[in-house]
**Q** 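The structure's right below; bear with me while I get my questions together.
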Amino acid sequence: MRGDPTPNREGEALFRRKMIRFCTSIGKRRLREMGYGARSDFADRHVKRIYANLPEPRKPNP
């Protein structure tokens, strides 16, 4: 409704990298307080919330 694009699998890798960079600003101590063992755990959790129900990308026909 706001004009934001619908998420698709093409943006998943970019979003995951952004979440990992975001962890750098949060810091290791805060991540541990929130219950995440590593930056990848945090990124995986948030990527899954958005991209888990999207269909896998189609592979082009040869």
Side-chain angles (χ1 to χ4, degrees):
M1 293 283 171
R2 298 182 330 182
D4 295 334
T6 304
N8 61 36
R9 289 284 183 174
E10 293 172 0
E12 184 175 359
L14 175 64
F15 184 73
R16 188 174 193 291
R17 285 192 306 270
K18 284 183 178 186
M19 288 292 98
I20 288 174
R21 278 189 243 134
F22 181 65
C23 291
T24 304
S25 10
I26 293 175
K28 287 182 183 180
R29 186 172 134 220
R30 182 65 182 132
L31 279 174
R32 301 262 190 277
E33 289 173 359
M34 293 187 326
Y36 298 103
R39 295 183 311 174
S40 59
D41 296 337
F42 177 85
D44 291 342
R45 171 91 183 262
H46 291 282
V47 166
K48 185 178 178 182
R49 292 175 68 193
I50 295 174
Y51 293 97
N53 296 322
L54 295 177
E56 291 296 323
R58 293 184 197 172
K59 295 183 180 180
N61 293 332

**Q** Decide whether Ile50 and Val47 are clustered together by the hydrophobic rule: side chain heavy atoms of Ile, Leu, Val, Met, Phe, Trp, Tyr closer than 4.5 Å, transitively.
**A**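 In one cluster: yes.
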**Q** Tell me the closest heavy-atom pair linking Arg32 and Ala38, and the distance in Å.
**A** NH1-N, 4.1 Å
**Q** May I ask you to decide whether Arg29 forms a salt bridge with Glu33, counting only side-chain N to carboxylate O separations under 4.0 Å?
**A**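 Salt bridge present between Arg29 and Glu33.
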**Q** Tell me whether Arg45 at atom CZ has more than 12 heavy atoms from other residues, nucleotides or ligands lying less than 6.0 Å away.
**A**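 12 or below, so no.
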**Q** Enter the distance from Arg16:CZ to His46:NE2 here, rounded to the nearest 0.5 Å.
**A**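 Taking CZ in Arg16 and NE2 in His46, the distance rounds to 12.0 Å.
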**Q** Going by heavy atoms in the side chains, are Cys23 and Lys28 under 4.5 Å from each other?
**A**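 When only atoms from C-beta onward are counted, Lys28 and Cys23 do not touch, as no gap falls below 4.5 Å.
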**Q** Checking Asp44 side chain against Asp41 main chain: does a donor-acceptor pair fall under 3.5 Å?
**A** no
**Q** Establish whether Ile20 and Ile26 are linked, either directly or via other cluster members, by ILVMFWY side-chain heavy-atom contacts under 4.5 Å.
**A** no
**Q** Once you measure the plane-to-plane angle for Tyr36 and Phe42, does it fall in the parallel (<30°), tilted (30-60°) or perpendicular (>60°) bin?
**A** perpendicular
**Q** Quick one: pull up CE in Met19 and CZ in Phe22 and give me the separation to the nearest 0.5 Å.
**A**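 If we round to the nearest 0.5 Å, Met19:CE and Phe22:CZ are 6.5 Å apart.
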